[in-house]
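Down below is the structure, laid out as structure tokens.
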2 protein chains.
Amino acid sequence: MSAAFPAEPQMSATAEEEAYRHVQRALRLGRYKPGDRLIPEEIAAEIGMSRMPVREAFRRLASDGLVVLRPNRGCVVAGLTVDELYEIFEIRSVLEGLAVRLAMPRTDEEEFEDLERLLERMERAGQSGSSDWVVRHQEFHGRICALSRRPKLIHQISALHVVIEPYMRIWFDDCDKPHSAREEHAAVIAALRSGDELHAEKVMQDHILSTAPMLAEFVSPSR
Amino acid sequence: MSAAFPAEPQMSATAEEEAYRHVQRALRLGRYKPGDRLIPEEIAAEIGMSRMPVREAFRRLASDGLVVLRPNRGCVVAGLTVDELYEIFEIRSVLEGLAVRLAMPRTDEEEFEDLERLLERMERAGQSGSSDWVVRHQEFHGRICALSRRPKLIHQISALHVVIEPYMRIWFDDCDKPHSAREEHAAVIAALRSGDELHAEKVMQDHILSTAPMLAEFVSPSR
DNA sequence: AAAAGTATTTTTGTATCCACGTATTATCAA
DNA sequence: TTGATAATACGTGGATACAAAAATACTTTT
């Protein structure tokens, strides 16, 4: 459904799980802005539960880097500085580089065509101006990661995508460069097709690092 | 003090923080074995607090991959399969590879000597049979990571070291190969000295990947 | 002995209460 | 008017008691 990365099995809803998903979704969609305070009672009331599971969810969200939890000062939405954004893209580059490298032996012609279909859907979403583009884009990267068959790797990359999703959304809204993106992603598929693992790794790394500066333009250098 | 990685500022002790550190430390030292159940009330009694902060700490520990939290079935200590161990070393290899690459421009002769002193202390600890060796080893890797000046990268690598620490300990206890390790780490310093970023990255990757199979021998193929 | 139903224990979540730290506002002096 | 200080309101962190749901253990019956 909403998750581009199929990392979490997402069955059986404990209250804490529900709170975690609820707030994470709101954060991904940019409903809360960096610096906003999250009051446990308010959120608990929104979903109809008590404060405790919400506070437990806060711990996980803090662990994910989505919020900051300061003693006696509550829970505030985390914002990324330009430096932090670059850092995340550096980490993504090596992690997703590893993912393609590991994905290659497991990838056949059928998969290539699947990826190309995903790319088309991504471009269509981009042309229609739908912010679905961000979800499709995540789906593309998520698909390749999934091919690596490395659960922990997939999980880590997924977590990073969640953190940058709000910034991807404002980036997409303010500027539409979906077709330059299209070329880059097509290059990734081509590299995968080439059968050269190290080359594919390099292409993925370059692709990810090249998008960082564009995204950084839309993040204010303050805070 | 105990943390080889200087990631967490570790001031101001909220109850949850205390519980988190307490259990994490116990897990790192291998006081609990994989599969052991952690009962919130027992741990709460140990440190003299109520169950609530302990449960919150569990969420973070689960997020770190140290415990598994299954709905209605409580908290059990996570164990690593051989596959998972290999996966963590794959991730470490690219992450710490990135770290050395980024560390290089910031590293001067003084640092090289610091690292060599660390290496000596590591070897001395290894020869005396002290399991301090594991801590020193973490310190060595942690120092290089710190030189990268990337907080999130340092944090992620640190988290992985915490997960594998219990296995490093049993590995060290059962077999003493501290001097083959010495050579490898000296090679890392030499690569750093060379000034060739990509070469240093590769050396670090190879070093980490080479230790995985040795460690894996000491992990029983069952969970 | 196997199956079904019952009881007990454990986990999970709720509700309520209090102490303490933080932030805001109000008051007062320069 | 401005700046410093005191009073106050608020939210967080934590404790405790309680209720409900699920899992496990234990009967009892056939």
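To find a chain, count down the sequence lines: A is the first, B the second, and so on, and within it residues start at 1.
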Nucleotides bounding contact with chain A, strand DNA chain D, heavy-atom threshold 4.0 Å: D/dG11 to D/dG14

Dump the pairs, protein N or O against N or O of nucleotides 9-16 of chain C, anything under 3.5 Å, distances to one decimal.
residue: C/dT10; atom: O3'; partner: B/Arg37; partner atom: NH2; Å: 3.4
residue: C/dT11; atom: OP1; partner: B/Arg37; partner atom: NH2; Å: 2.4
residue: C/dT12; atom: OP1; partner: B/Arg70; partner atom: O; Å: 3.4
residue: C/dT12; atom: OP1; partner: B/Asn72; partner atom: N; Å: 3.0
residue: C/dG13; atom: OP1; partner: A/Ala15; partner atom: N; Å: 2.7
residue: C/dG13; atom: O6; partner: B/Arg51; partner atom: NH2; Å: 3.4
residue: C/dT14; atom: OP2; partner: A/Ser50; partner atom: N; Å: 3.1
residue: C/dT14; atom: OP2; partner: A/Ser50; partner atom: OG; Å: 2.7

Pair A/His207-A/His141, side-chain donor/acceptor within less than 3.5 Å: yes

Taking only distance into account, with no hydrogens and no angle test, what donor-acceptor pairs under 3.5 Å do side-chain atoms of residues 32-40 of chain A form with protein atoms, sequence neighbours excluded?
residue: A/Lys33; atom: NZ; partner: A/Gly30; partner atom: O; Å: 3.2
residue: A/Asp36; atom: OD2; partner: A/Lys33; partner atom: N; Å: 2.9

Main-chain N/O of B/Leu153 paired with A/Glu87 side-chain donor or acceptor, under 3.5 Å: yes

Backbone N/O of B/Thr81 and side chain of B/Glu84: donor-acceptor pair under 3.5 Å: yes

A/Glu111 bridged to A/Arg143 by N-O distance under 4.0 Å: yes

Whether B/His185 and B/Phe140 hold their rings parallel, tilted or perpendicular, with breakpoints at 30° and 60°: perpendicular

From A/Met104 atom CE to A/Leu192 atom CG, the distance as rounded to the nearest 0.5 Å: 5.0 Å

